[in-house]
Amino acid sequence: MKKLPLIVICGPTASGKTALAIEAAKRYGGEIVNADSMQIYKYMNIGTAKPSDAELAAAVHHLVGFIDPREQFSVADYVPAAHEVISEIVSRGHIPIVAGGTGLYITSLVNDVEFGDDGSDPEIRAELNRLAEEKGAEELLKMLAEFDPVSAERLHPNNLRRIVRAIEFYKTTGRTISEHQEETKRKESRYEPQMFMVDYERSVLYDRINRRVDIMLEQGLVGEVESLLDMGCTAEMQSMQGIGYKETIEYIKGSITLDECAELIKQNSRRYAKRQLTWFRRDGRIKTLAPGEYIQI
RNA sequence: GCCUUUGUAGCUCAGUCGGUAGAGCAAGGGACUGAAAAUCCCUGUGUCGGCGGUUCGAUUCCACCCGAAGGCA
């Protein structure tokens, strides 16, 4: 079976993915598929550095701003949605260009990781979290070890979130998450990706990040967050965990000054960029581009 | 000009009764399969201001020089 070609533009925040994607779309007759876990939300424009109206008009974009920020969303929602959009793009005779910085979304899509309809249950998850608070994460790890020793061995006792997830997976599917992971690794992907990332010198990237945060504040990030709070968003919501949002909420609540808020956003963005680099660096398929270099296919 | 205090990691500072030094923050590295802008793990990076003296050995003691802060004139 012929694999579907896919252009992927990934990399850390503030590395110019949007502009590169638009350029590639124009040049090769492509349509852009967002792979950013925060730009999927509506009303969150400034803080997520969503493409501007002009940029959105310059090329066809998909999966941008289509989820209400009060709602949950996950890779398991993203991947099937992206598959569908991509197959439509291909059927139009266009080239799909996946662009974004969320490593998990990109890898799961490109490697064609399967997410079934079951496999998640918010109630079980909440119950496990409650149990962890009572008895501690180590107790849960022991529990996990009884039916999935492979995962239990791999997970650090402090990583409660993953421990909970592994137990939740077993309880909802009757299979262990480690088995599931092995299976999906063996599976052939339907895609043949060409992956690119702009490789900035670290200090240059950090300058870009710092500058961009200043611009976000000038553009009215505080106002954007205020109106999100007005529409009922709360700090606990997934969308409000986004960098730029959680810190601005602290400022609006009065627990930090605007300067502290700006510094915190910058620092968290830099740390995020570092984590993104760690993720993408280990994917040997990614070709690095010099700053200013266009992608070549 | 004189007196006092001070100079140790990127920052704030500990410390060594003389045996080349350690915390917090910052930073760096890594993991990652349904919260992923999330979550978690690992790591001390240093002509101890400079130049001499004493000493087997000086970041530590002494002299001088340079910088910083305060005080007196």
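Quick note on labels: first sequence line is chain A, next is B, and so on, each numbered from 1.
Donor-acceptor pairing under 3.5 Å, judged by distance alone, is absent between the side chain of A:Ser108 and the base of B:U33.
With no hydrogens or angles considered, no side-chain donor-acceptor pair links A:Glu55 and A:Thr18 at under 3.5 Å. Residues A:Gln39 and A:Thr48 bring no donor and acceptor atom of their side chains to less than 3.5 Å of each other. Side chains of A:Tyr245 and A:Gln241: no donor on one and acceptor on the other come within 3.5 Å. For the residue pair A:Arg208 / A:Tyr200, a side-chain donor-acceptor distance below 3.5 Å is found, with atom types taken as modelled. Between the side chains of A:Glu247 and A:Asn268, at least one donor N or O sits under 3.5 Å from an acceptor N or O.
Using a 4.0 Å heavy-atom cutoff across all strands shown, A:Tyr206 reaches sugar-phosphate atoms only and no base atom. Counting non-hydrogen atoms under 4.0 angstrom, A:Gln276 reaches nothing in the nucleic acid. Within the 4.0 angstrom heavy-atom criterion, base atoms lie near A:Asn129. Within the 4.0 angstrom heavy-atom criterion, no nucleotide atom of any strand lies near A:Asn111. Contacts of A:Tyr105 with the nucleic acid, taken as non-hydrogen atoms under 4.0 Å apart, involve only primed sugar atoms and P, OP1 or OP2. Across all strands shown, A:Gly244 has no heavy atoms under 4.0 Å from either base or sugar-phosphate atoms. Across all strands shown, A:Tyr78 has no heavy atoms under 4.0 Å from either base or sugar-phosphate atoms. When heavy atoms are screened at a 4.0 angstrom cut-off, A:Leu155 is found touching no nucleic acid atom at all. At the heavy-atom level, A:Val75 lies under 4.0 Å from the strands shown only through sugar-phosphate atoms. Contact annotation for A:Gln181: base contact, defined as any heavy-atom pair under 4.0 Å involving a base atom. Within 4.0 Å of A:Arg275, counting heavy atoms only, lies at least one base atom of the nucleic acid. Heavy atoms of A:Thr13 sit nowhere under 4.0 angstrom from any nucleic acid atom.
Rounded to whole Å, the C1' atom of B:G49 lies 11 Å from the corresponding atom of B:U6. Across the C1' atoms, B:G53 and B:U45 are found 33 Å apart, a figure rounded to whole Å. Rounded to a whole angstrom, the distance from the C1' atom of B:A23 to that of B:A14 is 7 Å. Going from the P atom of B:A27 to that of B:C11 covers 14 Å, rounded to whole Å. Taking atom P on both B:C25 and B:C62, the two are 35 Å apart, rounded to the nearest angstrom. To the nearest whole angstrom, the two C1' atoms, one in B:U8 and one in B:A58, are 14 Å apart. Using atom P as the reference point in both B:U12 and B:C64, the two lie 28 Å apart (nearest Å). To the nearest whole angstrom, the two C1' atoms, one in B:A35 and one in B:G44, are 33 Å apart.
In this structure, the nucleotide among B:A36, B:U33, B:G30 sitting nearest to the side chain of A:Lys185 is B:U33. Which of B:C40, B:G28, B:U33 sits closest to the side chain of A:Val113 comes down to B:U33. Relative to the side chain of A:Thr102, the nucleotides B:C40, B:A36, B:G34 differ in distance, and B:A36 lies closest. If you check B:A31, B:U33, B:C41 against the side chain of A:His180, the one that comes closest is B:U33. If you check B:G28, B:U33, B:G34 against the side chain of A:Arg165, the one that comes closest is B:G34. For A:Lys274, whose side chain is taken as the heavy atoms from C-beta onward, the closest listed nucleotide among B:A35, B:G28, B:U33 is B:G28.
Taking a pair to require two hydrogen-bonding distances under 3.5 Å in either a Watson-Crick or a G-U wobble arrangement, B:U20 remains unpaired. Base pairing analysis places B:G70 opposite B:C3; the two distances defining the Watson-Crick or G-U wobble pair are each below 3.5 Å. Nucleotide B:U47 has no partner under the Watson-Crick or G-U criteria, as no pair reaches both atom distances under 3.5 Å. Both distances falling under 3.5 Å, in either a Watson-Crick or a G-U wobble arrangement, place B:U39 opposite B:A31. Using N1 to N3 plus N6-O4 or O6-N4 for Watson-Crick, or N1-O2 and O6-N3 for G-U wobble, each under 3.5 Å, B:U59 pairs with nothing.
When rounded to the nearest whole Å, the span between CZ of A:Arg162 and P of B:G30 equals 16 Å. We find that CD1 of A:Ile124 is positioned 16 Å from C1' of B:A35, with the value rounded to whole Å. Taking atom CG of residue A:Asp283 and atom P of nucleotide B:U33, one finds them 15 Å apart after rounding to whole Å. Between the CD atom of A:Glu71 and the P atom of B:A35 there is a distance of 15 Å, given to the nearest Å. Counting to the nearest Å, the P atom of B:C25 and the CZ atom of A:Arg270 are 16 Å from each other. Counting to the nearest Å, the P atom of B:A31 and the CZ atom of A:Phe280 are 13 Å from each other. Counting to the nearest Å, the P atom of B:C25 and the CD atom of A:Glu260 are 17 Å from each other. Summarising the geometry, the separation between NZ on A:Lys171 and P on B:G34 is reported as 18 Å, rounded to the nearest angstrom.
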Stepwise salt bridge (charged side-chain N to carboxylate O under 4.0 Å, His left out) test for A:Arg130 and A:Glu133 = CA-CA 5 Å; A:Arg130 217 174 307 128; A:Glu133 219 162 294; over 6 Å; no
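Residue A:Arg154 places none of its side-chain N or O atoms closer than 4.0 Å to OP1 or OP2 of B:A31. Proximity of A:Gln72 to the phosphate of B:G34: no side-chain N or O atom is located under 4.0 Å from OP1 or OP2. Taking only side-chain nitrogens and oxygens, A:Asn158 comes nearer than 4.0 Å to OP1 or OP2 of B:C41. Of the side-chain N and O atoms in A:Gln267, one or more sit less than 4.0 angstrom from OP1 or OP2 of B:A26.
Side-chain rings of A:Tyr78 and A:His83 stay apart, their centers remaining 6.0 Å or farther from each other.
Both A:Thr184 and A:Asn268 sit near RNA chain B, but only A:Thr184 has its closest nucleotide nearer the 5' end. Projected onto RNA chain B by closest heavy-atom contact, A:Glu114 and A:Ile243 fall at different nucleotides, the more 5' of which corresponds to A:Glu114.
By the 4.5 Å heavy-atom criterion applied to side chains, A:Ile86 and A:Leu6 are counted as neighbours. Side-chain contact between A:Arg175 and A:Glu183 is present, with heavy atoms from C-beta onward closer than 4.5 Å.
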